[in-house]
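Here the structure is laid out as structure tokens; the discussion comes afterwards.
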Amino acid sequence: MAAQDLSVFVRHRDGGVASMELAVDGIRCAGCMQAIESGLGREPGILGARVNLALKRVSVEWREALLRPEAVVDKLAALGFKAYPFVPERQEDGAAAEERSLLRRLGVAGFASMNIMLLSVAVWPRSTAPTSTRRRATSSTGSRR
């Protein structure tokens with residue numbers, strides 16, 4: 001991991017137990033959850049790890065005397081997941097950016113579909129006249145039965 005000091009994100013509990021909540025990129029399925037929980041569980045000094053798939057977060061508890069917070073992040077990196085301390089402001093900024101991106105995509109899709117509808121209007125008058133005459137003849141004979 002980088003030279004970032006993660007100790008400011010650690011919550012200290014009684015009995016020498018520390019905990020930290022991490023946001024993790026790349027969690028996609030239950031297999032990812034199992035890989036993280038079992039991978040961290042095998043690490044000496046880690047008491048437990050719980051993954052929240054919907055929020056893409058991991059809560060980790062460890063013995064302070066045996067492990068530093070950077071080691072937890074390094075272990076997650078070794079498992080193939082990029083982790084960083086969970087900061088609510090960063091999460092809100094990411095959600096707002098994603099919302100803007102999705103809104104822009106919706107606008108482009110709406111604009112493109114309107115152009116396609118406009119182009120297809122030119123085809124409608126040519127195909128409706130003979131069809132409507134045939135349709136009237138068919139429906140009038142079919143309704144007498």
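- Residue pairs meeting the salt bridge (Lys or Arg N to Asp or Glu O under 4.0 Å) criterion with at least one member in residues 75-88, sequence neighbours excluded, are Glu43-Lys75.
- Considering all non-hydrogen atoms of both residues, Leu76 and Ala83 come closest at CD1-CB, 3.5 Å.
- Under the 4.5 Å side-chain heavy-atom criterion for grouping Ile, Leu, Val, Met, Phe, Trp and Tyr, Val58 is connected to Leu53 within one hydrophobic cluster.
- Contact detail for Ala71 and Leu67: the closest heavy-atom pair is CB-CD1, 3.7 Å.
- Within the model, atoms CZ of Arg50 and OG of Ser59 stand 9.0 Å from one another, a figure rounded to the nearest 0.5 Å.
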Please table the atom pairs, donor to acceptor, closer than 3.5 Å between any side-chain atom in residues 20-29 and protein atoms at least two apart or in another chain.
| from | atom 1 | to | atom 2 | distance (Å) |
| --- | --- | --- | --- | --- |
| Glu21 | OE2 | Arg57 | NH1 | 3.0 |
| Asp25 | OD1 | Tyr84 | OH | 3.3 |

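- Scanning both residues, Val10 and Pro69, for their nearest heavy atoms gives CG2-CG, 3.6 Å.
- The hydrophobic cluster containing Leu47 does not contain Phe9, counting ILVMFWY residues as joined when their side-chain heavy atoms lie under 4.5 angstrom apart, directly or transitively.
- One hydrophobic cluster holds both Met33 and Val72 under the rule that ILVMFWY side chains link at heavy-atom gaps under 4.5 Å.
- Atoms SG and CD, from Cys32 and Glu37 in turn, are 11.5 Å apart once rounded to the nearest 0.5 Å.
- Between Gly15 and Arg63, the shortest heavy-atom contact is O-NH1, 3.5 Å.
- Of all heavy-atom pairs spanning Ala49 and Leu40, the tightest one is CB-CD1, 3.7 Å.
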